[in-house]
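First comes the structure, then the notes that go with it.
Numbered from 1 within each chain, the chains take letters A, B, ... in sequence-line order. Note that the coordinates shown come from a computational prediction; the quantities given were computed from them, not determined experimentally.
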Protein chains: 2
Amino acid sequence: MISERQLRILEAIISDFIDTAQPVGSRTISKKYPLGVSSATIRNEMADLEELGYLEQPHTSSGRVPSDLGYRLYVDSMVNFHSIGIDEKEIIQSMLRNRIIEASDLAKQAAKLLSEFTNLVAIVTIPKFNKCKLANLKLIKVSDTRVLLIMVTDTGIVKNIQLAMSYTDQFILDKVSDTMLSFLSGETIEKIDVRSILKLKDKLQNLGTFVDYLIPILRDALKSLNGTEQYAEGLSHILSIQEFADSEKAKVIFDFLRDPKNLEIFLDEISSDQLSIKIGSEIGIDSLDACSIISSTYKVDGKSDGKIIVLGPKRMDYGNVVSIVNYISNTLSDVFSGINL
Amino acid sequence: MISERQLRILEAIISDFIDTAQPVGSRTISKKYPLGVSSATIRNEMADLEELGYLEQPHTSSGRVPSDLGYRLYVDSMVNFHSIGIDEKEIIQSMLRNRIIEASDLAKQAAKLLSEFTNLVAIVTIPKFNKCKLANLKLIKVSDTRVLLIMVTDTGIVKNIQLAMSYTDQFILDKVSDTMLSFLSGETIEKIDVRSILKLKDKLQNLGTFVDYLIPILRDALKSLNGTEQYAEGLSHILSIQEFADSEKAKVIFDFLRDPKNLEIFLDEISSDQLSIKIGSEIGIDSLDACSIISSTYKVDGKSDGKIIVLGPKRMDYGNVVSIVNYISNTLSDVFSGINL
DNA sequence: TGTTAGCACTCATATCAATCGAGTGCTAAT
DNA sequence: ATTAGCACTCGATTGATATGAGTGCTAACA
């Protein structure tokens, strides 16, 4: 078992390391932190902490560096998750409530705020469109060769897809979209497949040819709705972080984040009901071994959630980041739920 | 005046430097390139080329490095702008003609191809929406609180903007949008201002209250259409380039590119009718002094153009990049012009 | 028994001189 | 005009040496 004193020493070491990025030695701790014991004692405790797996030594005769386990303990039992200041709150509120009504803009704005307040990389997803229920659907002719398919979810998110069609009569389009809506309304969008679209044929037998023409186009359009839309901001902050001063190391992170699919797997795994902190190897992704990820979810009307994540070096100010993630996550829930008032 | 031999020596130096990123010396040239003269002769010529401003010497007793002027001469009179291979052409054709009908997707795809083929950063803009002429306009109710404003340009680009409105009757919306279209059709979108919208009031006097309500909302929506939409791809390639191995240097580029406004100024300046190569200081932007930019434009139906740019280190394969930019630019013109057939 | 002073030891980092070698400019011979 | 030759420059490499921050261990102490 770990003693109270060891805990305080570990805390001092991690704080110091977060500040300085340098392996920390026993003398530094005894001088900078009022623990009331000599460096020799700390030295002994540090040896024990290393044996317990909370610290690591880059090489003999260098100071100690926290291990993933050390950070874990630090986060679980030492970090002070204070609430953010009133000023920050006001800025966030005004930026997110400032007449934004597109889900994507809102996510982008939230990611921007997150990355500015944390100086780290922030990613915000919007609720998986696929999982939402269809509330409205319209086909609008925009030109002789194009039709706009508009879908609105019950959570108020609007999605437009352009369809290339050479057969576009608004009267027919209205008829088709009304009919589709009548039997698809309330369905989650992922459930809308060829089979359900085929009902169109039954209901609109007089438009058989048109429906035959439309179905493959619709199918392709719906297929394109897979995947989570991610909005990442602050990527360049990576480049200011000591751990990634070498471009090659930064590139690993960039390359990972470039393909949204990479993160999607991770996003699907994180629990959807509370804030999560993953440290280094806990993330389970080799290229992110040097990072920590703090993630949270927000809900729209209590359902169907979007995700917020902040990615940075393990050596980050967990207390601060957590409180910002929390606040923005809550604000986003509110704003999203309010959008379709 | 510069002699033929000096030209050939300069060419050899620049080729070698592009390959190796190392200052090149006279012996290297005399051994690697069959110029038929000794290193001493080359040495003399190099001294002259330096005096003429085409070469620079990082320090006495190091090899020479091309100056911006040197690159300029190289590009103007030595680079072989061959056409790209048939295989590349096929890939580009198939990727860009593969049933993409959204301008933004097309631009994104083109940027991706560019960056993959050049291993550099690529940015593609879509024709400035503002400068296009309005061809169609519709207001669609999507929920009790939201209306979708759809605008189609004569170049076939579709733009949707959501409007927050608490007064949404589709019958009225149809009336309003029909009326608006009747006197705005053919106008460039940037010309649509409050004054022109006010005509609505004259024409729809029975809907005065609604029009009063709508006007400020429309004005805000139209204001949001300023600016060029840019799609950048391959940013992470920066991190593989020797010149930017130091994260701090890469960050300068990233920070510059992060804000589309920065590039917009530059984009507005480049001539709109042919391929342009800007080298280092020619770009006129301090943070890009170590870079070269190759840019081109594509036309949609001979009008209203979008831009293509590739950004990399001065030490790039100009011949190759130029031919790729050219080919993609032409293809994009074709595809864009064909979209609204 | 826990704490601490003291000390030998380790090892990355800094320092400095010596050397190397790629490159130059200049001169004199071809 | 070209080139061989040579002295010279100067960054990079090497290696020996010192520095110092850090450790672990032991023995003395409270």
For [X] and [N], what is the distance between atoms [atom1] and [atom2] respectively, to the nearest whole Å?
X: A:Ile29; N: C:dT4; atom1: CD1; atom2: P; value: 15 Å
X: A:Glu45; N: C:dT1; atom1: CD; atom2: C1'; value: 14 Å
X: A:Leu35; N: C:dT4; atom1: CG; atom2: C1'; value: 15 Å

Side chain of A:His59 - closest among C:dA12, D:dT3, C:dT3: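 Selected nucleotide: C:dA12.
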Pair A:Arg72 + A:Glu282, salt bridge at N-O below 4.0 Å: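 A salt bridge is present here (some side-chain N lies under 4.0 Å from a carboxylate O).
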Under 4.0 Å protein heavy-atom contacts per nucleotide of nucleotides 18-30 of chain C, with B for base, S for backbone only and - for none: -----BBB-----
Using a distance-only test with no angle check, is there a side-chain donor-acceptor pair under 3.5 angstrom linking [X] and [Y]?
X: A:Ser26; Y: A:Ser39; value: no
X: B:Ser281; Y: B:Asp289; value: no
X: A:Gln230; Y: A:Thr125; value: no

Quick one: side chains of residues 27-35 of chain B, donor-acceptor pairs under 3.5 Å with protein atoms, not counting sequence neighbours, listed by atom name and distance.
unit_1	atom_1	unit_2	atom_2	d
B:Ser30	OG	B:Arg27	O	3.1
B:Lys32	NZ	B:Asp16	OD1	2.7
B:Tyr33	OH	B:Asp16	OD1	3.1

ring-ring contact (aromatic ring centres under 6.0 Å, His included) involving B:Phe254 - partner list, sequence neighbours excluded: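 A:Phe254.
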